[in-house]
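A quick write-up on the structure given underneath.
In this text the structure is predicted, and so the values were computed from the model without any measurement.
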Amino acid sequence: MADDIDADGAGWSGLDEEFTRQVTAVAATPEGRTLAEAHTVGDPAAGKARPLGLPLCLRPGAREELEAFTAAYHRMIEAVVAAWEHDPRLRRVLTLPESLRAQAAAARDTRVHLIRLDLLPQPDGRLGVLETNANGPGGLAVVGRARAAWRPLLTRHGIGLPGPLPADDDAWTGRWLLDLAEQHTGQRPDTVTLLYPHRADRNAVRSYQDGLGALGVRVLHADPRELGTGADGAATLDGEPVRHAYAKIGMRDLQQLAGELGPYLRAVREGALFVQNGLRARVIGDNKLCLAVLSDPRFAGLFDPADHRLVQPAVPWSRNLALCDGPTLRRITRGRRRHVLKSPLDANGRGVVVGPETGDAAWAEAVARAASQGWLVQEYLPSPRLRGGPDGPPVHHDLALGAVNGRLVSAFVRTGHEARLNVARTGRLHPLYL
């Protein structure tokens, strides 16, 4: 484990600084200013839409390395999901709340269809894994559309660009979901139901409505609590069978509403309703305690040796805090500048306590609470820095990679002045060419 955080503030060599300089100049033109304001993230209806940051680009040759890393990482997460039911050691480390544990145990899905891998690249060039998300790919689609929109203007200004990624296609939000549904059910849907609690962010929902509609697919909308059960076990909506859906149901909603989601959970669990990442793969693949498994050498036998050799060095020291012994707990309590605490199923930057940003007393209290609740404790990784402009101070940044079935489909960078770069807080999303 690192003894200090002196590297915080250093840059990462993977970004193409000359590209950034050229894009900044293009963005100052009238057409560039219009384009920069055209793409937003967040829900406009709720007054939370914010413009994306300017595009960034990786240095040549980085894409192949990241594709190999993402594919290996995806296989390792699937190995964790597949082994969880039968390995008591794994269930002890990768715990689930009572409302979801029985559902995950009864489910048979082990395929993780979609992941987003968040990384903090280090100044020495190595990658550092921040966390995994196995949920909806809203951000991946937003930056894909922005990459495609910037491409003609940047090309006209003589800026060379790498080839497009799958998510750069306007209809990608529908196409990847239809392809997966056909692959797993043998039927290409002509109707897809968008399932989301009515208070959910509608921006991603509209994106799926547009993407599916562009492919000629009929789209229905429903709160998952509105589903019933048909005679054959299928979920129903107003008496009509629902067999394929996109589920925008956050983990907090899934926990809180589990008692009201009987028909939905039963249909997904039994394979009568296809949704991305299923049920077991969702609640385990989205669980931050996966990092405690990937980090611990006692679980190395779960993984393909080549995948483990590639990925494990990028995983910071991580453990389920509830399983740490007394000396380790005392070391973590005394060493707040070297640790981060994460609530396993929280999102949007909630449930994260960054040691270097926390006072000693508050940190000791947070460690005690996290140990009682089985949170993840993780080695603190310094954020790489990116110069904000000719006269602006450097900002923190990360690197996020999205994959479907292990294939890289989209990527973005988040920047901000906080260590927590989540866009739901103050982070800014940048389309990334690679």
Q: Kindly give the heavy-atom pair with the smallest separation between R282 and I249, and that separation in Å.
A: NH1-O, 3.0 Å
Q | Cationic tip of R369 above W375 ring, under 6.0 Å, 45° of axis | A | yes
Q) In chain order, what residues pass the side-chain contact (heavy atoms from CB on, under 4.5 Å) check against H113, with sequence neighbours excluded? A) R111, L180, H184, F274, N277, N405
Q | Y196 and H221 aromatic ring geometry - parallel, tilted or perpendicular at 30°/60° bounds | A | perpendicular
(Q) With side-chain hydrogen bond (donor to acceptor under 3.5 Å, both in side chains) as the test, pick out the partner of R188 among E182, Q183, H244. (A) E182
Q: Could you tell me whether R252 and D346 have a side-chain N and a carboxylate O separated by less than 4.0 Å?
A: yes
Q.
Check this for me, if you would: do D190 and R218 make a salt bridge, where the nitrogen-to-carboxylate-oxygen distance has to be below 4.0 angstrom?
A. no
(Q) Please determine whether a side-chain nitrogen of the Lys or Arg among R147 and D168 lies less than 4.0 Å from a carboxylate oxygen of the Asp or Glu. (A) yes
Q: Decide if atom CZ of R89 counts as having more than 12 heavy atoms of other residues, nucleotides or ligands within a radius under 6.0 Å.
A: yes
Q) Is E357 paired with R336 through a side-chain N to carboxylate O contact shorter than 4.0 Å? A) no
Would you list the atom pairs, donor with acceptor, under 3.5 Å between side chains in residues 294-302 and any protein atom, with sequence neighbours excluded?
from: S295; atom 1: OG; to: S318; atom 2: N; distance (Å): 3.1
from: S295; atom 1: OG; to: R319; atom 2: NH1; distance (Å): 3.0
from: D296; atom 1: OD1; to: R298; atom 2: N; distance (Å): 3.0
from: D296; atom 1: OD1; to: R298; atom 2: NE; distance (Å): 3.1
from: D296; atom 1: OD2; to: R298; atom 2: NE; distance (Å): 3.0
from: D296; atom 1: OD2; to: R298; atom 2: NH2; distance (Å): 2.6

Q: State whether E18 and R21 are salt-bridged, where the test is any N-O pair (Lys NZ or Arg NE/NH1/NH2 against Asp/Glu carboxylate O) under 4.0 Å.
A: yes
